[in-house]
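Hydrogens, waters and symmetry mates are skipped; everything else that's a heavy atom, side chains included, is used.
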Amino acid sequence: MSMTLLTNLKRIEVLPNAPNTVSAPNKRWHSAFVAIYCSRAIMSHFTRNSTNKTKAKASPTPTPSFTVVDFNSHHSFGIEQTTLTDIVKEKDLRNLDKFGGVEGVATALETHLEYGIKGDDAAAEDITRRKEVFGSNTSNKPPSKGFFHFVVEAFKDVTILILLACAALSLGFGIKEHGLKEGWYDGGSIFVAVFIVISLASISNFRQSRQFDKLSQVSNDIQIDVVRSGRRQHVSIFEIVVGDVICLKIGDRVPADGLFIEGHSLKVDESSMTGESDHVEISRQHHPFLFSGTKVADGYA
């Protein structure tokens with residue numbers, strides 16, 4: 001027990017040991033005073049201890065006053081995606097020269113102009129990193145049309161609308177003349193025939209749409225010749241990444257926007273993009289820009 005409690009108890013012991021010179025009523029008051037003083041001293045002691053414990057629990061733990069920042073991010077390249085896109089899309093030779101031409105862009109993309117990017121098994125992390133920074137070579141296609149869409153399209157047919165109107169009129173007049181029991185035959189039969197026609201047409205169009213999507217996906221999955229780790233290999237057009245060195249010949253479609261490195265008498269057909277039938281000559285000094293979807297009309301790269 002603490003010194004405070006001992007001191008209070010000593011004071012309480014003095015009171016009962018006082019000289020017995022008081023009367024009986026005063027003794028009763030004396031006993032009551034001793035009891036009250038004793039209880040208050042004990043309660044004061046425990047209240048003080050509980051308050052100290054509460055303050056100790058409530059005291060906040062110190063938190064670090066600093067934040068860890070990783071300045072060695074392995075996802076960064078020497079050129080941003082927006083800058084690279086603007087250079088190619090806008091055919092910005094001046095901005096391209098600021099980066100040191102095609103060689104400077106290749107250095108910023110950690111690509112060797114002759115050997116390409118890393119292509120061995122250990123380079124999977126590098127390819128994943130390029131996809132995370134620049135994205136994959138896929139376009140955002142609209143979602144496939146559902147069955148309900150073709151049902152609505154079938155109802156837009158003028159013939160179907162005329163048949164529905166005739167069925168409604170026939171049903172109304174038939175019920176009015178012959179009653180509900182026999183008057184619904186003609187109009188109901190037309191409704192059933194229209195329902196069958198709409199169902200068959202919607203199912204047929206839905207299946208054709210699914211088959212077309214599958215064929216389109218297969219036809220767009222073209223194998224491209226790329227150079228990785230100094231070796232020429234075939235990869236899917238959807239697997240090429242920013243920094244790949246791609247080989248092109250007559251008749252090939254350019255798989256993605258890019259810059260011309262080297263080749264011989266390369267000409268491309270940009271009619272699908274510009275509408276002009278004249279072939280565009282590609283050169284490293286004056287026009288090194290290649291665009292996705294155009295076709296190689298002459299030469300190679």
Side-chain angles (χ1 to χ4, degrees), residues 76-120 122-124 126-127 129-131 133-138 220-274 276-301:
S76 61
F77 286 89
I79 185 172
E80 296 181 356
Q81 180 183 8
T82 54
T83 304
L84 186 61
T85 302
D86 292 339
I87 290 176
V88 179
K89 290 292 186 182
E90 302 298 332
K91 302 179 181 179
D92 193 352
L93 283 173
R94 181 178 299 178
N95 200 6
L96 178 62
D97 292 337
K98 290 181 180 180
F99 278 91
V102 178
E103 296 88 348
V105 173
T107 302
L109 293 176
E110 302 177 10
T111 302
H112 195 278
L113 293 180
E114 183 177 356
Y115 301 111
I117 64 174
K118 298 176 182 179
D120 50 4
D126 179 57
I127 295 176
R129 176 172 66 111
R130 294 176 184 273
K131 288 183 178 180
V133 176
F134 298 104
S136 58
N137 190 38
T138 56
N220 291 331
D221 190 8
I222 304 172
Q223 296 296 313
I224 305 297
D225 291 337
V226 300
V227 179
R228 292 178 178 177
S229 296
R231 294 175 298 180
R232 192 165 177 171
Q233 51 187 287
H234 297 282
V235 298
S236 171
I237 189 175
F238 303 123
E239 296 299 326
I240 63 176
V241 294
V242 174
D244 267 326
V245 176
I246 300 174
C247 303
L248 297 174
K249 59 182 182 298
I250 297 178
D252 287 346
R253 188 182 73 175
V254 179
D257 296 345
L259 298 173
F260 177 71
I261 299 176
E262 63 179 1
H264 178 71
S265 302
L266 183 64
K267 293 182 180 181
V268 297
D269 181 8
E270 296 183 354
S271 59
S272 60
M273 184 178 63
T274 62
E276 298 180 359
S277 57
D278 295 336
H279 297 161
V280 179
E281 184 176 356
I282 305 298
S283 63
R284 188 165 177 174
Q285 290 77 21
H286 304 290
H287 193 284
F289 307 105
L290 294 168
F291 298 98
S292 175
T294 59
K295 288 187 177 182
V296 178
D298 192 12
Y300 63 87

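Using modelled atom types, no side-chain atom of Glu270 and backbone atom of Thr294 make a donor-acceptor pair closer than 3.5 Å. With hydrogens and angles disregarded, a donor-acceptor distance shorter than 3.5 Å links the side chain of Ser236 to the backbone of Phe238.
Between the OG atom in Ser229 and the NE2 atom in His112 there is a gap of 11.5 Å [rounded to 0.5 Å]. Atom CD1 of Ile282 and atom CG of Leu259 lie 10.5 Å apart (nearest 0.5 Å). Atom CD1 of Ile127 and atom CD1 of Ile240 lie 11.5 Å apart (nearest 0.5 Å).
Side-chain contact check for Ser292 versus Asn137: every heavy-atom pair is 4.5 Å or farther apart. The shortest side-chain heavy-atom distance between Phe291 and Val88 falls under the 4.5 Å cut-off. Using a 4.5 Å cut-off on side-chain heavy atoms (C-beta onward), Ile250 and Asp298 make contact. Counting heavy atoms from C-beta outward, Thr107 and Phe99 have side chains that stay 4.5 Å or more apart. Looking at Val268 and Leu248, their side chains never come closer than 4.5 Å, going by heavy atoms from C-beta outward. Looking only at side-chain heavy atoms (C-beta outward), Val226 and Gln233 come within less than 4.5 Å of each other. Side-chain contact between Leu109 and Ile79 is present, with at least one heavy-atom pair separated by less than 4.5 Å. Side-chain contact between Asp86 and Asn95: absent, with no pair of heavy atoms (C-beta onward) separated by less than 4.5 Å.
The two atoms that bring Ser283 and Phe260 nearest to each other are C-CD2, 3.9 Å, heavy atoms only. The shortest heavy-atom contact between Leu113 and Ala106 is CD2-CB, 3.4 Å. The shortest non-hydrogen separation linking Val242 to Arg130 is O-NH1, 3.0 Å. Taking all atoms of both residues into account, the shortest heavy-atom contact from Glu239 to Lys131 is OE1-NZ, 3.0 Å. For Gly116 against Val245, the heavy-atom pair with the smallest separation is CA-CG2, 3.7 Å. Pairing each heavy atom of Pro288 with each of Leu96, the nearest pair is CG-CD2, 4.0 Å.
Between Asp225 and Arg232, at least one side-chain nitrogen of the basic residue sits less than 4.0 Å from a carboxylate oxygen of the acidic one, meeting the salt-bridge criterion.
With a 6.0 Å radius and a threshold of 12 heavy atoms from other residues, nucleotides or ligands, Glu262 has its CD atom at or below the threshold.
Listed by first then second residue, pairs satisfying salt bridge (charged side-chain N to carboxylate O under 4.0 Å, His left out) with a partner in residues 242-254 read Arg228-Asp244, Lys249-Asp252, not counting sequence neighbours. Sequence neighbours left out, the pairs with a member in residues 88-115 that pass salt bridge (charged side-chain N to carboxylate O under 4.0 Å, His left out) are Lys89-Asp257, Glu103-Arg284, Glu110-Arg129.
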Decide side-chain contact (heavy atoms from CB on, under 4.5 Å) for Leu93 and Phe289; before the verdict, give the C-alpha distance in whole Å, the side-chain angles of both, and the deciding distance to 0.1 Å. CA-CA 9 Å; Leu93 283 173; Phe289 307 105; 3.9 Å; yes
